[in-house]
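No experiment lies behind these values; they were computed from the predicted model shown. Lettering follows sequence order; numbering is per chain, from 1.
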Amino acid sequence: MITLETIAATGVFQVAWLMIALPALVAGLLLVSGKFFDRGGHWLAVAASSASFVLAFWMFIEMLGADPEHRAVSLPLFDWIQTGSWTVSAGLQIDQLSILFAMLITGVGSLIHLYSVGYMAHDDRRRRFFAYLNLFVAAMLLLVLANDYLVLFVGWEGVGLASYLLIGFWQHKPSAAAAAKKAFVMNRVGDLGLSMAVMSMLALIGSSSFEAVNAAASKLSPGWATAIGLFLLLGAVGKSAQVPLQGWLLDAMEGPTPVSALIHAATMVTAGVYLVVRSHEIFQMSEVASTAVVIVGAVTLLFGAWIGTSKDDIKKVLAGSTMSQIGYMMLAAGIGPAGYAFAIFHLLTHGFFKANMFLGAGSVMHAMNDDVDMRHYGALAKVMRVTFLTFAMGYLAIIGFPFFAGYFSKDHIIEAAFGHSAWAGVAALLGAGITAFYMTRLMLMTFFGEKRWREGVHPHESPKTMTIPLIILGFFSIIGGALMNFWIQEWLEPATGGHPHELTLVPTLVGWLTMAVVAAGVAISWFVFGAKPVPDAAPASGNFFTVMGRNDLFGDTVNDVLVVQPTMLAARGVVVADHKVLDGGFGGLATAFAGISTQVRKLQNGQVRTYALTMAIGVVAVGVVMILSQLG
Amino acid sequence: MNIATPTFEWLQLAPVLTVLLVACFGVVVEAVAPRAYRFVLQVSLVVLGLLAALGLLAVNYANESVGILAEGAVALDRPTYLIWGALLVFGLLSILLFAERKLDNGVSAFAASAASIPGSVSETDSSAARHEHTEVFPLALFSLSGMMVFASATDLITAFVALEVMSLPLYLLSGMARRRRLLSQEAALKYFLLGSMSSAFFLFGMALIYGYAGSFDYKAIDAAVFTPTYGHGLLLTGAALMAVGLLFKIGAVPFHNWVPDVYVGAPTPVTGFMAITTKLAAVGATARFFFVALGADRWSWQPLLAAVALVTMIVGVVLALTQTDIKRLLAYSSVSHAGFILVAVVGATVATTSNYTSSVASIIFYLLAYGFATVAAFAVVTMVRDAAGEANDITSWAGLGQKNPVIAAAFAIVMLSFAGIPLTGGFIGKWEVFTAAWQGGYSWLVVAGVIASLIAAYVYLKVIVSMFFAAPAEGVSVGKAGLVTLVPVGVGAIASIYLGIFPGPVMDVVTAASIFLR
């Protein structure tokens, strides 16, 4: 076990809080400023997010320059809660893990801010939109930079709130409002898990700071380690849309596309992975909890991929794909020290290529008058060169084409999965094949084949503010993997305790196998969707896999039957009980007391002689009690 | 024959002496200053005098000067510092209410000429001349000085004199309401008669205890408990009779009958003043008498106080249920709070450990929370008015939230604090007194206390519901008050929340004052 040693903050690290404060301040300013910032407010938001990125990058450079033992920095801010025997102090922990997250959030976040300037140009609530985006960035940074689970929880709730506001941003659409509510409710279930975990820590360890919890983790009883691990997992499952709390992510695509890219692909949904990796000391203490993480990851990666194969809505395909890829990260995080670095590695590369593809999808929708049905696309490769090329980079990255970003990170996970157990390995390998299948389908239906455009649609390339972020993200989709491949394990070692593995560029047996499976997936997809014209409407299908996939594997139905209906039933029961039993009971009780009260009041008749008599009786009573207590 | 010069610690007693001196000076002002200037002069005297006393208290506190002063008559220890400080702060806040003149056409809440017969020509004349009784300010200060000594007395004679000094001005003040004068005068007379009766019991108890111990000094009584000279019965009877006198001032059942009538009859600012300060002083004196003088014999008096606490809590909340007058409701509420405080006195937990506060500390915290809520509550009561003056009927408070949301919210906050809802000072206070009693082995009393506070919540929530969810009552409005009223409202409401959310700093100070000096 390696315990992370932190040093006191100096230099730029002393102002690390500005990273959070700047976007938070701008968010507040934009929300309260009224019309004043309607015209230029969005640039202020872009500036705040970029400034945070500059700060994060600066700190990263400083950390690179320091020797590995002195990279992690802690910055105490103030004593937050001080009561009885425990104190919660709010502070920041900038270590190898959190700085990577900070850069991803602010970097990708800034690009998405920039993209949104173009995307939301015609929305009359643009100022509010950017305020929410900045609020999200601030909350997410607080989440990853906190040094205490309770402070993390504040950020955790903050991103939940921002996500709710952004999914439901187009609140005039009932579907968006419903999706926002769904996301919020399902996230609450996860939040319950996290809050139970924090409460358990406070009760057992007396502190919720990472330092204290990590130090005390090995002394926890196995039962409690498992319980806390499972509570944390429940929190992670809710936030990261993993089975069984996956249902909200697909609906969340009702939000504006930049939101889908920022929150529901690159950043917020990875918070669960962050939580698991951050709590590695606890998961290492419990075989049950870490196996549960692996199972959740494996199931979700297949589940999401399955959904991805049968959707016609381009954003929903990408949403299914996101679930699936986060499943990979969870799987890696559950494997243990061997997997932590790979989980984070894949998280970062995924952040690049998924944000790239989401923004690409947004660009396509922009061109197609906000139509999301891929059956109405086709042959867009020629009219939207930049979008097509950048999207293709993302595509090659996600299927794991050699030397693209996803190739490195995903292959490592598949190998580690085989190292864990055969079934996990097979699940990961199968997932890679399905990923290749549905992503190829998406490419073929969108960019190739015949034009199936609706009338009055004249696709055109998007404006510069939208394509420049695409180009940057496309570039990182290519080199992101190679850039970090030989470096990230050693970098993360002090923070996650994983031991570096020897890596070579020559694929191993598993690597070759993966490539074969991926090639098979691409080939099958081409035979099914590329070789013959795509039907204009989704063909009726009795195929079990298709029906299941189109209906999100009946996740909503399952939720409905297992949770919603019993809850509604219980709620109705409670209402009835409230009216009949409680109201009746308490009403009766109140009436009874009121009756007593009215009787006793008669003694208060305003006559001094009665009062004096009462006092005299009281004196006698006092004497009697005194004597009785002497006897007793 | 040698006669030793009595020592008198002028500096340490300076806070009390300042209040007394300023009160005397106020009498001089009444005598020599022209009528037109008296009001301003008196108010400034009160404010400056009380601030000066607070300053002197703070200086002594910083010097950590503690000890038994004035030839064993007064104990200056940490609880005394806190009680004196609280008396001065709450005294200042509630005497500020005396100075409100904006609410009632430019005159104060006191009768133009208290000596005139209600309805007589002389009353009409003095009202028309817009006369005011500015004597109320020195009277309140005299009372306050008595309270300060009462709470810190370690000698029965001193305690008795202080008791009278504190009570006599209050009897007078109660009878000076400008409106509904007959009610006010009746209340004053009742208060005086019953108060005299209770003083008689107190005095009788003193005599018996002197007979037992041969001394008025608490320390000597304590020593006599260890090495008894006479029969135990003398001590018990004496303690019981003194308890009657003390419990009367606290307003505990069955010695509470005066509370509702006097609270309703007295001018509302006076009600606010005595609701807080009398209770503070009387509880301080009670705790000191029982803990210091009779601490070694606690097995004798604990059951008595436990029974009184139980009855007081229950009668207080049950009677509050059916009240239709807001001042009467607050009166019964004050009775029930006396019960909750007695719960901690019964516990008599002496040691402060890291987990538990002592009885004394918890009592002081409870009184702070209660005091802030009370001062704001009575200040709001003075503001809600109709054509005939204060609208005290609860039905006329309906819909207050729509008429003045800020004042209604402040009142709701202090109601929640009275009810002991979490995140208010009242909750922490109840928590502390209950843990103190639990530590002292009175768990059954704690259970009863929790049940009583549940019933009490219904009382207060009913008022809140009526203020915010009922149709506004006709003809009632929230008067435009001056700062002298708004400051107590604001301070009370904010402090109620502050004590509930950040009890830490205050709790630290209070727990440092966990035992009485012997």
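At a 4.5 Å heavy-atom cutoff, the contact between Tyr332(B) and chain A is made by side-chain atoms alone. Contact of Phe201(B) with chain A is made through the side chain alone, with heavy-atom distances under 4.5 Å. Only the side chain of Leu241(B) comes within contact range of chain A, judged by heavy atoms closer than 4.5 Å.
For the atom pair Leu304(B) CG and Ile627(A) CD1, the distance stands at 11.5 Å (nearest 0.5 Å). A distance of 7.5 Å separates CG in Leu236(B) from OG in Ser629(A), rounded to the nearest 0.5 Å. Residue Met615(A) holds its CE atom at 10.0 Å from CG of Leu247(B), rounded to the nearest 0.5 Å.
Using a 4.5 Å cut-off between non-hydrogen atoms, the part of residues 452-461 of chain B that approaches chain A consists of Ile455(B), Tyr458(B). For a heavy-atom cut-off of 4.5 Å, chain A lies close to Val318(B), Leu319(B), Leu321(B), Thr322(B), Gln323(B) in residues 313-324 of chain B. Within residues 248-257 of chain B, the residues that have a heavy atom under 4.5 Å from a heavy atom of chain A are Phe248(B), Pro254(B), Phe255(B), His256(B), Asn257(B), listed by number.
Heavy-atom neighbours of Lys462(B) NZ from other residues, nucleotides or ligands within 6.0 Å: above the threshold of 12. No more than 12 heavy atoms of other residues, nucleotides or ligands lie within 6.0 Å of CZ in Phe192(B), so this atom counts as exposed by the packing criterion.
The two residues Met626(A) and Ala239(B) have their closest heavy-atom pair at CE-CB, 4.2 Å. Ala307(B) and Val625(A) make their closest contact through CB-CG1, 4.4 Å (heavy atoms, listed as atom of the first residue, atom of the second, distance). Pairing each heavy atom of Ala240(B) with each of Val622(A), the nearest pair is CB-CG1, 3.7 Å.
Judged as a side-chain hydrogen bond (donor to acceptor under 3.5 Å, both in side chains), the pairs with a partner in residues 189-203 of chain B (not counting sequence neighbours) are, in order, Glu164(B)-Ser199(B), Glu186(B)-Lys190(B), Lys190(B)-Asp261(B).
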